[in-house]
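Here the structure comes first, spelled out in structure tokens, and everything after it is commentary.
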Amino acid sequence: LANAPGFFLKSIAVRDAKPSTDAVDLLDGIDNRITAVAAKGAMSELTGVAVQNEQPFSAAMVLLLPEDLTRASLIRRDQSDSDGTFTLPEILPGRYTLIAIDNGKDLAYRDPTTIQPYLAQGVTLEFPKQNSVPIKVNVVARRAN
């Protein structure tokens with residue numbers, strides 16, 4: 001779909017194989033028929049500011065996580081700048097949770113088990129958004145491993 005502007009891969013499945021949302025494992029000796037579903041929809045961009053105690057917070061790890069945490073290819077990540085601002089590009093249509101984590105360096109954010117405890121403190125968003133107003137997200141402390 002790289003040469004089809006406005007389209008994205010919504011899902012993919014392989015007959016007689018374990019379903020996956022981001023990868024396809026082709027196996028010898030089975031029916032490897034692939035079904036791909038493409039959808040039309042514009043990619044979005046999200047801008048905002050990470051804050052703590054209503055003050056801009058720099059160097060927070062800002063994550064936009066898809067509703068289905070196993071779809072790691074949909075995760076968008078940035079680090080807040082010195083003024084707390086961040087930009088997350090190329091967001092596909094869907095439901096996401098926005099979170100900002102203090103001291104997120106080396107956090108296994110692509111692991112659903114690791115990231116699950118942070119979701120309750122996030123902001124739920126639907127894309128495409130109805131407006132392009134920057135969003136404010138509160139920075140949460142990193143949990144002990």
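All values reported here derive from a predicted model rather than from experimental measurement.
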Taking the hydrophobic residues Ile, Leu, Val, Met, Phe, Trp and Tyr, and joining any pair whose side-chain heavy atoms are under 4.5 Å apart, which ones share a cluster with V37? none
Any pair with a residue in [range] that passes salt bridge (charged side-chain N to carboxylate O under 4.0 Å, His left out), sequence neighbours left out, goes on the list, sorted by first then second residue, please.
range            : value
residues 107-119 : none
residues 32-44   : D31-R33
residues 91-100  : E67-R95, R95-E126

Quick one: does [X]'s side chain get under 4.5 Å of [Y]'s, heavy atoms only?
X    : Y    : result
V140 : D102 : no
N138 : Q121 : no
V139 : V51  : no
R77  : M61  : yes

Pairs involving residues 49-63, ordered by first then second residue, that meet side-chain hydrogen bond (donor to acceptor under 3.5 Å, both in side chains) (sequence neighbours left out): E54-K136
List the residues meeting side chain to side chain contact (heavy atoms under 4.5 Å, CB included) with [X], not counting sequence neighbours, and say none if there are none.
X    : value
A39  : F8, K10
T47  : E45, T87, P134
Q116 : L69, L119

Give the C-alpha distance, both sets of side-chain angles, the deciding distance and a yes or no for side-chain contact (heavy atoms from CB on, under 4.5 Å) between Y109 and T114. CA-CA 6 Å; Y109 65 90; T114 300; over 6 Å; no
Residues passing the side-chain hydrogen bond (donor to acceptor under 3.5 Å, both in side chains) test with D83, sequence neighbours excluded, are T85
So ring-ring contact (aromatic ring centres under 6.0 Å, His included) across residues 81-104, not counting sequence neighbours, yields Y96-F127
